[in-house]
Amino acid sequence: VQKFDSLGTFILKWGSFGNGNGQFNAPEGITRDSANNLYVADTQNHRIQKFDSSGNFILKWGSQGNGNGEFNKPKDMAVDSLNNVYIVDFNNDRVQKFDSSGNFILKWGSQGSSDGKFNKPEGIGIDSSNNVYVADTINDRIQKFDSSGNFILKWGTSGSGNGQFQYLEDIVTDSQNFVYAVDSDQGSGSMQDRIQKFDSSGTFILKWGSDGSGNGQFEEPVSITNSFSSANCSGALEDCYLISSVFDTGVSGGAAFNT
């Protein structure tokens, strides 16, 4: 994990390859709670690690499996207003909810394409009402749930049009409950590589980005975060924490802001 200020100036880093406390194996997700503690999805170690904002280890939970509190490649996390932690459990096709100490609360989801089921979910976001949005990646859709896992609505299909997705990597919400989705081509040749913005009911608002290396273009984007301390995102200096992991297929990672 590397920490930067809002201008990109390096502050500190921690972590190395391994399975000890504070070590990682291909981490993919990161988020923070209201106390600016950080939670890292230590994906290939099938666990979550919690740190303070200086990178000091606090606790960990999880092991490989499909039981409560076990994971098969946790990919992403989000924290609600009560500091409960929601985790997308990629290969188990489900969401698990924990308190900030890692105690299991509930779970929902299984493999499939009907309402409340998932096919390799990769991203998760939470709005100001603690509704949960899940990037149901292979099903090319976003599903919305309440904080108890009850299905509310869904949107999205496979394609390149507005509100369609090619490879839905991640989602995030802002202070006005707009939803931003990372729509990546993941080597498919579709050249989508874009961000799409929706309201909380799934109505398409706008999009930006295309495949390339120019300003405002992307090459297989994998993660998105926000720094929404106010409606227009101004007036606050924030630290950014970045994780990166290199795989055979490219680079995966995540980001979180400390307000």
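The CD1 atom of Ile224 lies 11.5 Å from the CG atom of Asp183; values are rounded to the nearest 0.5 Å. Here CD of Gln49 is found 6.5 Å from CG of Asn21. Values are rounded to the nearest 0.5 Å. Here CD of Gln96 is found 7.0 Å from CD1 of Ile87. Values are rounded to the nearest 0.5 Å. We find the CD-CG distance between Gln196 and Asn162 to be 6.5 Å, quoted to the nearest 0.5 Å. Here the OG-CZ distance, from Ser213 to Phe218, works out to 12.5 Å after rounding to the nearest 0.5 Å. The CG atom of Asp80 sits 10.5 Å away from the CG atom of Asn131 when rounded to the nearest 0.5 Å.
Using a 3.5 Å distance cut-off with no hydrogens or angles, the side chains of Glu122 and Tyr167 do pair a donor with an acceptor. Neither side chain, Asp33 nor Asn83, offers a donor N or O lying under 3.5 Å from an acceptor on the other. No side-chain donor from either of Ser184 and Glu220 sits under 3.5 Å from a side-chain acceptor of the other.
When hydrophobic clusters are built by joining Ile, Leu, Val, Met, Phe, Trp and Tyr residues whose side-chain heavy atoms come closer than 4.5 Å, directly or via intermediates, Ile48 is grouped together with Phe104. Cluster annotation: Ile58 and Val79 are assigned to the same hydrophobic cluster (Ile/Leu/Val/Met/Phe/Trp/Tyr, side-chain heavy-atom contacts under 4.5 Å, transitive). In terms of hydrophobic clustering, with Ile, Leu, Val, Met, Phe, Trp and Tyr side chains grouped at heavy-atom distances under 4.5 Å, Ile126 and Val88 are assigned to a common cluster. Note on Leu38: it does not cluster hydrophobically with Leu59, by side-chain heavy-atom contacts below 4.5 Å among ILVMFWY residues. Leu206 is not connected to Leu168 by any chain of hydrophobic side-chain contacts under 4.5 Å among Ile, Leu, Val, Met, Phe, Trp and Tyr, and they are in different clusters.
With hydrogens and angles disregarded, no donor-acceptor distance shorter than 3.5 Å links the side chain of Asp93 to the backbone of Lys117. A donor-acceptor pair under 3.5 Å links the side-chain atoms of Asp5 to the main chain of Leu7, judged by distance alone. Although no hydrogens or angles enter the test, the distance criterion places no donor-acceptor pair under 3.5 Å between the side chain of Gln166 and the main chain of Ser160. Although no hydrogens or angles enter the test, the distance criterion places a donor-acceptor pair under 3.5 Å between the side chain of Asn45 and the main chain of Gly18. Distance alone, capped at 3.5 Å, is enough to place a donor-acceptor pair between the Asn177 side chain and the Ser128 backbone. Between the side chain of Thr137 and the main chain of Lys120, a donor-acceptor pair closer than 3.5 Å is present. Side-chain atoms of Asp89 come within 3.5 Å of backbone N or O of Asn72 as a donor-acceptor pair.
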Go through the steps for Lys144 and Val132 under the test side-chain contact (heavy atoms from CB on, under 4.5 Å), then give the verdict.
CA-CA 6 Å; Lys144 179 179 179 180; Val132 180; over 6 Å; no
Trace of the side chain to side chain donor-acceptor pair (under 3.5 Å) decision for Ser113 with Asn139:
CA-CA 6 Å; Ser113 58; Asn139 283 328; 5.0 Å; no
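Ring geometry for Trp155 versus Phe198: interplanar angle of 30 to 60°, hence tilted. Using cut-offs of 30° and 60° on the angle between ring planes, the pair Trp208 and Tyr180 is perpendicular.
Paired with Arg141 under the rule side-chain hydrogen bond (donor to acceptor under 3.5 Å, both in side chains), one option of Asn119, Thr157, Asp136 passes, and it is Asp136. When each of Val182, Ile142, Asp76 is tested with Ile171 by the rule side-chain contact (heavy atoms from CB on, under 4.5 Å), just one qualifies, namely Ile142. Among Tyr86, Trp61, Tyr39, the single residue meeting the ring pair (Phe, Tyr, Trp, His ring centres under 6.0 Å) criterion with Phe98 is Trp61.
For Gly22 against Phe24, the heavy-atom pair with the smallest separation is O-CE1, 3.7 Å. Summarising the geometry of Phe71 relative to Asn92, their closest heavy-atom pair is C-ND2, 3.8 Å, with the distance given to 0.1 Å. For the pair Ile124 and Ala78, the tightest heavy-atom approach, listed with the atom from each and the gap, is CG2-N, 3.7 Å. The two residues Asn36 and Arg32 have their closest heavy-atom pair at OD1-NH1, 3.4 Å. Taking both residues in full, the closest heavy atoms of Gly109 and Arg94 are given as O-CB, 3.7 Å, listed atom of the first, atom of the second, then distance.
By the 4.5 Å heavy-atom criterion applied to side chains, Lys107 and Val95 are not counted as neighbours. A 4.5 Å side-chain heavy-atom check between Gln44 and Lys73 finds at least one atom pair inside the cut-off. Proximity of Ser147 to Lys97: side-chain heavy atoms (C-beta onward) are separated by under 4.5 Å at one or more points. In this structure, the side chains of Ser63 and His46 stay at 4.5 Å or more apart for every pair of heavy atoms.
The cationic atom of Lys75 (NZ for Lys, CZ for Arg) lies less than 6.0 Å from the six-membered ring centre of Phe90 and within 45° of the ring axis.
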